[in-house]
Every structure is written in structure tokens, then in C-alpha cells.
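Below is one structure; the comments refer to it alone.
Residue numbers begin at 1 in each chain, while the letters A, B, ... track the order of the sequences.
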There are 2 protein chains.
Amino acid sequence: MTSSVPTSRSRRSDATRTAILAAARERFAADGYERATIRAIAKDARIDPSMVMRYFGSKEGLFAAAVTLDLRLPDLREVPREEVGRALVTHFLTLWEENEELTAVLRVGATNEAGAERLRGIFRDQLLPVARQVCPDPEQVPARAALCAAQLLGLALTRYVLRLPPAVGLPRAELVAWLGPTVQRYLTAPHP
Amino acid sequence: MTSSVPTSRSRRSDATRTAILAAARERFAADGYERATIRAIAKDARIDPSMVMRYFGSKEGLFAAAVTLDLRLPDLREVPREEVGRALVTHFLTLWEENEELTAVLRVGATNEAGAERLRGIFRDQLLPVARQVCPDPEQVPARAALCAAQLLGLALTRYVLRLPPAVGLPRAELVAWLGPTVQRYLTAPHP
DNA sequence: AGTGTTTGCCAACGCTCGTTGACCACGGTA
DNA sequence: TACCGTGGTCAACGAGCGTTGGCAAACACT
């Protein structure tokens with residue numbers, strides 16, 4: 001039993017716990033699922049590999065705990081209707097540059113079925129609802145959202161994962177100027 | 001020495017060689033680089049793993065031999081100028097559905113540096129020259145080609161790798177209708 | 001001081017991987 | 001018949017992986 005430190009006082013292990021999570025995110029983002037070994041993650045966090053197991057149960061458990069993705073998408077009803085495309089692109093660029101979880105989930109999703117399922121979940125639970133806010137016809141929402149996902153994930157893939165030189169070199173503003181109208185059209189333009 | 005069968009007569013080993021390559025392409029496309037094991041590939045080809053080594057030297061050698069990608073892009077100068085976007089999208093969709101090498105190189109490129117370099121090479125040697133045929137300003141060619149790559153690879157990623165349900169469900173014609181104008185704009189529209 | 005829970009390290013397990021080298025079967029040529 | 005290149009199998013190697021259980025130190029509470 002022992003409710004020794006039940007409520008608010010921070011346990012000493014919380015530090016290691018977050019250290020492991022940080023190292024895991026970094027490795028998953030850099031190497032993908034298979035090559036990001038528990039041993040390497042543990043070494044980065046300066047603890048023993050067995051600690052990872054004790055805290056997270058298994059490698060899958062660690063991945064699940066390390067990569068919890070909240071896109072924090074804006075409420076598009078508060079954005080001028082002709083600005084939603086640019087707003088989304090801007091938001092995604094910021095998001096992607098701020099945290100490496102997105103790169104991690106994209107890299108892992110490309111080779112690992114569990115990772116792919118994670119991405120499908122994010123699409124379903126986070127992007128679809130937002131698309132629903134601005135799409136004219138509810139029936140077309142999934143298709144339109146998928147088109148946006150294709151464009152935005154394609155950008156992330158070429159720029160942050162594959163690192164195609166021209167994609168890396170393009171300045172933010174220019175990306176927004178090019179992709180904004182595309183996303184805008186996918187979301188709001190009449191079916192072609 | 002021995003020029004026993006030097007010229008045209010097909011050696012018996014060619015059959016196994018191509019069997020290995022076919023199995024390798026399939027596994028790389030389905031599993032990515034790390035999880036596509038030589039042992040599994042050899043089993044698919046119904047031979048011993050050591051044969052793979054004899055023929056291709058190493059796993060990297062096998063990958064290099066199995067995935068040689070020719071996009072067979074059309075000569076855009078023979079396509080009506082306002083049709084190049086739709087033509088490219090159509091071409092890519094066909095290409096992707098016909099052979100699994102593209103899925104393989106995309107999956108591998110996402111987690112493996114050698115795979116990523118392979119993709120950068122394809123972009124540089126095959127997509128850039130074609131973009132040069134239709135872009136107005138030569139200086140803008142790399143950026144415009146990169147935008148196209150982002151859109152087209154994003155489609156492939158969501159449809160053939162991640163298998164987002166709405167992206168899988170969209171019929172070819174509709175994809176061409178949506179993405180065609182996007183690619184067209186990236187290639188030929190004036191800089192926004 | 002004494003006791004029980006945390007927090008950590010260490011050593012090993014069983015497994016799979018890429019890779020290697022020894023050995024065998026066939027088939028054409030001398 | 002004897003030979004040799006070719007196409008193939010088999011068993012093993014060393015390394016790295018995820019994972020486990022036992023044990024020592026640090027701490028919290030009485």
C-alpha cells in the first residue's frame with residue numbers, strides 16, 4: 001500500500017521518465033521504429049535499458065507514450081473564410097518545426113502498421129472535424145480532408161523527412177503563398 | 001576462362017536472379033528496409049539465403065539492384081500546355097499502380113538514408129529535367145518541381161503507404177480533376 | 001535505528017539478423 | 001572417364017535485439 005506521495009509532490013522518477021520520453025521522441029524521429037533501439041534510447045537518457053521496460057512495459061508501449069499527437073488545430077470558424085488555406089499551412093509549418101513528434105510519427109507510419117494506424121487516427125479525430133467546419137457539403141468532407149492531408153504530408157515528407165534540397169530551401173512565406181491556395185481550394189472550392 | 005556461354009544464350013541462373021529480385025521488390029515495398037529480411041526474401045524465391053549474398057554481395061547491393069527506378073516521364077513539350085498537370089498526375093497514378101518499386105523506394109526512403117538519397121536522385125535526374133521543359137523561368141524550376149513532388153508524393157503516401165481510407169477510396173478520375181490543376185499551377189502559373 | 005518502498009544497475013536469456021565458408025550435384029568439354 | 005565451372009544447400013559465426021529477474025543503494029516514514 002502506501003500512499004506515500006499520492007497527490008502533488010513530484011516523484012524523483014518523473015525526471016527520468018520524461019528524459020526517456022524525450023530521448024525516445026528524438027530517436028523515433030531520426031531513425032524510425034526498427035532502428036530506434038531501446039538500448040540507444042536508454043543510453044541517450046543515461047539510464048539502463050531495463051528501466052525503459054519497467055516504466056513503459058515494452059517498446060510498443062514506449063512508442064505509444066512518446067508519441068501522443070495533438071495538432072492543436074485552430075477553430076476555423078473564427079478565421080475569415082478566404083484565409084483558411086493559408087492559416088492551415090502556416091499552422092502546420094509551425095507545428096512541424098516546433099516538435100519532432102510529427103517527424104517521428106510520419107517516419108514510423110511509413111514502415112510500421114501500428115504507426116500508420118496512429119496517423120489514420122489523427123486524421124480521423126483531428127483533421128476531419130476541422131474540415132467539417134468549412135466544407136460546404138458534408139458528404140464531401142472526407143475526400144476533401146484527404147486531399148489536404150496529401151498536400152500537407154507531402155510537404156512534410158519532402159521537406160523534413162526526405163530533405164529534397166529545393167523543398168528544404170523554400171522559405172516559409174513562399175510555401176504559404178503556394179500551398180495556401182491549394183488547401184483553400186481543396187476545402188472550399190466547388191467540386192471540379 | 002571459358003567463354004562457355006558468353007553471348008546471348010540465357011544462363012540457368014538468370015531465372016533465380018530475377019526470382020530473387022521480384023521477391024525483394026515485394027518485401028521492400030511491403031515491409032521497408034529493416035523488416036524486409038534476406039531470409040524472408042530467399043524463402044519467397046525458394047532458395048537459400050546465401051545465394052542472395054552470392055548474387056548481390058550484401059543487403060544494400062540487393063536493394064540497389066532491386067529498386068532501379070525509371071519514371072518514364074512523358075515529353076511534356078508534346079503535351080498541350082494547359083494539360084501538363086493532368087498528364088503528370090495521370091502518369092503517376094498509372095505508374096504507382098503498375099509496379100511496387102515506387103512503394104518500396106518511398107517506404108525505404110522514409111527510414112533509410114540510402115533510400116532517401118535514392119529518391120533525391122530520382123527527383124534530380126528525372127523530375128527536374130521534365131519540369132524544365134515547361135517552367136517559364138529557369139531559376140524557379142527546382143522550387144516548382146519540389147512543390148509538384150510534395151503534392152505527388154503526398155498522394156502516394158496517403159493512398160498507397162498509409163492507406164487513409166478516403167484517399168484510397170477516391171476514384172482515379174476525381175484525383176486527376178483535383179490534383180491536375182494544382183500541379184499545373186505549380187509548374188506554369190506566375191509566381192504568386 | 002529500523003523497515004519497506006523506490007529507483008537503479010547488472011548479467012543474462014532466447015531470438016533473429018546479415019554474412020561466411022565448407023561441401024555437394026550436375027553438365028559440358030577434353 | 002576425368003575434370004572443372006556453375007548453381008545450390010547446410011551449418012555455423014558474431015553481433016545486436018527486446019526482454020527478464022535478481023540484487024544493491026537511496027530514500028521516506030515511524
Side-chain angles (χ1 to χ4, degrees), chain A residues 1-24 27-28 30-67 108 111-115, chain B residues 1-24 27-28 30-67 108 111-115:
Chain A
M1 35 234 63
T2 186
S3 53
S4 66
V5 194
T7 48
S8 67
R9 173 159 266 93
S10 72
R11 309 162 137 282
R12 210 160 49 83
S13 66
D14 287 354
T16 20
R17 200 177 213 94
T18 61
I20 295 175
L21 287 176
R27 285 283 177 176
F28 281 131
D31 298 336
Y33 190 80
E34 336 286 335
R35 300 213 344 253
T37 68
I38 288 198
R39 288 169 141 98
I41 292 168
K43 182 176 258 182
D44 286 0
R46 297 166 192 276
I47 43 95
D48 191 87
S50 61
M51 297 263 56
V52 178
M53 304 303 296
R54 200 181 287 169
Y55 282 142
F56 302 101
S58 69
K59 189 177 181 181
E60 283 211 17
L62 173 62
F63 177 73
V67 179
V108 173
T111 35
N112 188 279
E113 177 51 27
Chain B
M1 21 243 65
T2 186
S3 53
S4 67
V5 195
T7 49
S8 66
R9 173 159 267 93
S10 71
R11 308 161 138 283
R12 209 158 51 84
S13 66
D14 288 354
T16 15
R17 201 177 212 94
T18 60
I20 294 175
L21 288 176
R27 285 283 177 176
F28 281 131
D31 297 337
Y33 190 80
E34 336 286 335
R35 299 210 348 251
T37 68
I38 288 200
R39 288 168 141 97
I41 292 169
K43 182 176 257 182
D44 286 0
R46 297 166 193 277
I47 43 97
D48 191 87
S50 61
M51 293 265 76
V52 178
M53 306 302 295
R54 252 238 268 286
Y55 283 153
F56 302 101
S58 69
K59 190 178 181 180
E60 282 212 16
L62 173 62
F63 176 73
V67 179
V108 173
T111 34
N112 186 278
E113 177 51 27

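Within 4.0 Å (heavy atoms only), A/Tyr55 reaches sugar-phosphate atoms of the nucleic acid but no base atom.
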Within the sub-3.5 Å range, which N or O atoms of nucleotides 17-24 of chain C have a protein N or O partner, and how far apart are they?
from   : atom 1 : to      : atom 2 : distance (Å)
C/dG18 : OP1    : B/Ile38 : N      : 3.4
C/dG18 : OP1    : B/Lys59 : NZ     : 3.0
C/dG18 : OP2    : B/Ile38 : N      : 3.0
C/dG18 : N7     : B/Arg39 : NH1    : 2.4
C/dG18 : O6     : B/Arg39 : NH1    : 3.2
C/dG18 : O6     : B/Arg39 : NH2    : 3.1
C/dT19 : OP2    : B/Lys59 : N      : 2.9

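Between A/Phe56 and A/Ile20, the shortest heavy-atom contact is CE1-CG2, 3.7 Å. Residues B/Asp44 and B/Arg27 approach most closely at OD2-NE, 2.9 Å, considering heavy atoms. Across B/Ala23 and B/Ile41, no two heavy atoms sit closer than the pair CB-O, 3.7 Å. Minimum heavy-atom separation, B/Thr111 to B/Glu34: O-OE2, 4.5 Å.
Atom C1' of nucleotide D/dG16 and atom CD1 of A/Ile41 are separated by 15 Å, given to the nearest angstrom. In this entry the distance linking CZ of A/Arg46 with P of C/dG8 reads 14 Å, nearest Å. Atoms CZ (B/Phe56) and P (D/dG8) sit 12 Å apart, rounded to a whole Å.
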Could you walk me through whether B/Asn112 and B/Phe63 pass the side-chain contact (heavy atoms from CB on, under 4.5 Å) test, one step at a time?
CA-CA 11 Å; B/Asn112 186 278; B/Phe63 176 73; 5.9 Å; no
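By the 6.0 Å contact criterion, CD on B/Glu60 is open, its count of non-hydrogen atoms from other residues, nucleotides or ligands being 12 or less.
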